[in-house]
Amino acid sequence: MHELTKKFGDFIAVDHITFQVKKGEIFGFLGANGAGKTTAMKMMCGLLRPSSGIATIAGYDLKTQSKQIKKRIGYMSQKFSLYNDLSVTENMQLYGTIYGVKPAALQVRIRESLKDLGMEKYADKLVGAIPLGWKQKLAFATALLHKPDIVFLDEPTSGVDPIVRREFWDRIYKTASTGVTIFVTTHYMDEAEYCERICIMSNGKVMMIGTPTQIKTDIGVDSIEAVFSKFVKR
Amino acid sequence: MRVILMLIKKEFLQVMRNPLLRSILIIAPLVQFLLFPFTADYEIKHVNIAFIDHDRSSTTQAIIQEYLSSPYFIGHGILASNDQAQEMMLHDKIDFVIEFPVDFEKNLMNRQKTGLAITANAINSVKAGIGTAYVQEVIANYMDELASAMPPEQNRQAQIFASNVFWFNEQMNYKNLIVPGILVILVTLIGAYVTALNIVREKELGTIEQINVTPIKRWQFIVGKMIPFLILGMMEFIVGLILMKLVFGITVQGSVSLLLGITAIYLLAMLGLGFFISSVSENQLQAMFIVFFLFIVFVLLSGLFTPTEGMPDWAIKLNYLNPLSFYMDVIKSIVLKGGTLQDVKTQIIALSCMAVIIDTAAILSYQESSK
């Protein structure tokens with residue numbers, strides 16, 4: 001990621017951001033609302049075209065090879081965006097098929113993934129009828145069906161209760177341990193501590209990058225929350 | 001191919017599970033067919049009529065009797081004065097007043113010029129216009145009878161017979177005109193309205209974003225949306241044809257397969273329009289306004305409710321851009337007149353060109369909005 005920028009008219013949402021993420025890393029994007037986290041993520045997923053700058057994702061160039069990138073990434077948006085009027089299985093079938101997973105393999109993966117989530121009882125339920133915590137886990141599992149190299153999670157735990165959040169992070173760790181790179185945005189400070197490295201954004205700019213411990217030491221405070229409030233106050 | 005089939009399956013599952021859409025698709029054609037033709041009827045019945053008779057002769061009595069025996073008129077008696085007539089008309093009690101002058105009968109018999117005054121309440125101009133025609137027809141009929149009863153030497157003036165034969169719609173039954181019009185409205189609504197709302201809804205819910213991060217190809221997405229709505233539109237059209245036969249006994253005079261083929265072309269244009277509108281709208285409300293606006297313009301220009309011949313030149317020219325107008329021509333031609341491929345060739349070419357242009361615009365606009 002080098003000098004990536006997104007302008008909406010005169011407004012610079014993402015201002016020349018530069019960083020690198022290692023394979024299999026859990027990389028956290030931190031920032032207040034409107035800091036540019038989601039915009040940056042949408043550019044990386046190919047939903048928005050960068051105004052300038054270059055980026056290489058999963059070994060492909062963002063500008064010229066977005067089709068290849070799309071095949072190699074998974075994305076879970078801030079707003080729950082699976083189809084509420086399709087059942088759990090139908091949603092997974094739809095997305096698995098769009099990603100080109102072969103029918104036989106897809107069937108096995110759906111079964112395994114539902115078993116893993118403990119969601120077998122919901123398999124034929126309409127997604128709209130299941131609790132939010134389950135929806136989030138389902139969205140995550142669906143984003144992983146095609147075995148992507150990188151998963152982008154945009155505030156995956158907003159609005160769910162602490163227990164589900166904890167479970168969700170267990171799942172993130174488990175996924176990362178299989179070599180999948182996790183790129184996650186959040187505004188929960190405690191979640192930042194779970195990341196291997198974090199990037200703090202404010203007004204579209206990268207303020208700091210490093211491991212949570214490193215950043216705390218550099219600033220001389222004992223929590224990410226303190227780090228964060230320092231930046232936001234500036 | 002698997003992707004397309006999956007998308008079609010998804011769309012059908014969603015339509016079947018969406019109670020609002022389901023009822024629109026099922027109830028709309030029923031209501032339109034069962035209600036609309038009876039309300040949008042140009043035929044005038046129950047014309048309220050009153051008379052002022054200054055002559056009080058057997059001729060005027062006979063003419064009045066003609067009116068009262070007609071099923072179209074309701075008599076409100078013989079009035080004493082013009083003032084009374086005006087009063088009744090003001091209160092909408094009567095639609096027409098017929099005033100016979102003094103010596104009406106005498107002048108008539110002596111072959112002198114005579115006249116009678118017909119006053120119409122023109123607040124409802126359609127009723128006034130058509131009513132006037134009825135009123136005159138009754139008089140004309142009476143004059144004919146009178147003339148043929150007279151000895152030939154007295155019948156000096158040549159009689160002019162104005163006889164009306166309405167071709168293709170012999171009973172001048174307005175249902176024949178309105179019902180095919182409803183078919184057009186039905187297909188247009190399914191095509192443009194339902195498609196636009198469907199896609200904008202995905203935009204609002206954010207589900208389209210989830211689709212956009214997948215490696216799905218643009219044409220796959222568009223075809224995956226168009227095929228299901230094309231099928232639904234065709235199904236609605238066929239249901240419409242069946243209702244048209246069952247309820248009104250109107251059968252397609254021409255080739256049904258030709259009609260279906262042209263309907264498919266028209267639907268493709270309308271689906272493209274819906275697609276295009278969904279690209280330029282942010283939410284369902286905006287999409288609804290745009291569709292509604294275009295729909296009204298298309299319908300008014302098309303000549304469904306008013307004949308195009310009476311429109312100013314620029315409006316007639318504007319109709320060359322109106323797909324609904326061409327499709328209406330096709331429906332009228334094939335359904336009512338038994339038109340063949342040769343008869344609707346121009347319309348097919350026009351509709352095909354429009355479909356290509358609109359669909360291209362739709363694809364390009366989707367390309368723009370997805371980045």
Side-chain angles (χ1 to χ4, degrees), chain A residues 6 38 41-51 57 60 63 65-87 89-104 106 126-129 139 142-143 145-146 148 150-152 154, chain B residues 1-25 194 197-225 227-228 232 279 282-284 364-371:
Chain A
K6 179 69 190 180
T38 300
M41 188 174 267
K42 282 188 174 172
M43 278 195 281
M44 291 181 254
C45 294
L47 285 173
L48 290 171
R49 190 172 283 166
S51 308
I57 290 158
Y60 296 107
K63 266 200 186 131
Q65 296 170 296
S66 69
K67 271 267 140 35
Q68 282 91 328
I69 292 177
K70 282 181 170 178
K71 281 182 196 156
R72 300 306 329 144
I73 61 169
Y75 170 72
M76 180 179 160
S77 91
Q78 208 170 50
K79 205 167 148 193
F80 180 75
S81 52
L82 294 182
Y83 292 98
N84 278 324
D85 43 8
L86 295 182
S87 76
T89 316
E90 284 161 358
N91 265 296
M92 293 182 114
Q93 276 171 344
L94 174 68
Y95 281 102
T97 307
I98 292 177
Y99 277 107
V101 183
K102 295 274 172 291
L106 183 60
L126 292 191
V127 167
T142 306
L145 271 179
H146 57 292
I150 308 170
V151 196
F152 292 91
D154 194 3
Chain B
M1 197 58 212
R2 253 181 358 103
V3 174
I4 300 281
L5 286 178
M6 187 51 98
L7 288 172
I8 295 173
K9 183 183 158 197
K10 165 217 163 228
E11 222 52 72
F12 273 112
L13 283 173
Q14 286 187 301
V15 169
M16 290 309 136
R17 284 174 193 164
N18 182 335
L20 184 71
L21 203 56
R22 211 170 45 205
S23 38
I24 288 178
L25 289 174
V194 178
L197 287 191
N198 174 284
I199 299 170
V200 176
R201 186 160 172 266
E202 287 221 22
K203 241 189 198 176
E204 278 180 16
L205 293 175
T207 50
I208 206 162
E209 196 178 81
Q210 193 70 51
I211 293 284
N212 280 340
V213 289
T214 68
I216 193 170
K217 291 179 186 72
R218 194 168 292 122
W219 70 266
Q220 288 178 322
F221 179 77
I222 292 173
V223 170
K225 279 280 180 207
I227 292 180
L232 283 176
S279 302
E282 291 299 321
N283 52 50
Q284 295 189 63
L364 292 178
S365 70
Y366 177 67
Q367 201 164 339
E368 287 285 309
S369 67
S370 72
K371 289 295 165 193

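Residue numbering restarts at 1 for every chain, and letters A, B, ... go by the order of the sequence lines. Values below: every heavy atom of this structure, side chains too, minus hydrogens, waters and symmetry copies.
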Checklist entry - What are the two closest non-hydrogen atoms of Q14(B) and D85(A), and how far apart are they? => result NE2-OD1, 2.8 Å

Checklist entry - G206(B) and S81(A): which non-hydrogen atoms are nearest, and at how many Å? => result O-CB, 3.3 Å

Checklist entry - Is there a donor-acceptor pair under 3.5 Å between the side chain of K9(B) and the backbone N or O of L94(A)? => result no

Checklist entry - Are Y95(A) and Q210(B) side-chain neighbours, meaning at least one heavy-atom pair lies under 4.5 Å? => result yes

Checklist entry - Given a strict heavy-atom distance threshold of 4.5 Å, which part of I4(B) is in contact with chain A: side chain, backbone, both, or neither? => result neither

Checklist entry - Are Y75(A) and E209(B) linked by a side-chain donor-acceptor pair shorter than 3.5 Å? => result yes

Next on the checklist: Please classify the contact between L126(A) and chain B as side chain, backbone, both or neither, with a heavy-atom cut-off of under 4.5 Å.
Outcome noted: side chain

Checklist entry - Rounded to the nearest 0.5 Å, how far apart are NZ of K10(B) and CD of Q93(A)? => result 14.5 Å

Item to check | Side chain / backbone / both / neither for R17(B) at chain A, heavy atoms under 4.5 Å | outcome: side chain

Checklist entry - So what's closer than 4.5 Å to chain A heavy atoms on Q220(B): side chain, backbone, both or neither? => result neither

Item to check | Portion of K79(A) that has a non-hydrogen atom of chain B nearer than 4.5 angstrom | outcome: side chain

Next on the checklist: So for atom NZ, which belongs to K63(A), do other residues, nucleotides or ligands contribute more than 12 heavy atoms lying within a distance under 6.0 Å?
Outcome noted: yes

Checklist entry - Is chain A contacted by the side chain of I216(B), its backbone, both, or neither, given a heavy-atom distance below 4.5 Å? => result both

Next on the checklist: Are the side chains of L7(B) and I98(A) in contact, using a 4.5 Å heavy-atom criterion?
Outcome noted: yes

Checklist entry - Could you state the interatomic distance from CG (N212(B)) to OG (S77(A)), rounded to the nearest 0.5 Å? => result 11.5 Å

Next on the checklist: Please check if the number of heavy atoms outside K217(B) that lie under 6.0 Å from its NZ is greater than 12.
Outcome noted: no

Checklist outcome for this item: Here the pair of heavy atoms bringing V101(A) nearest to R2(B) is O-NH2, 2.8 Å

Checklist entry - Any side-chain heavy-atom pair from V213(B) and L47(A) closer than 4.5 angstrom? => result yes

Checklist outcome for this item: Comparing I211(B), N18(B), L5(B) against chain A, the one with the most heavy-atom pairs below 4.5 Å turns out to be I211(B)

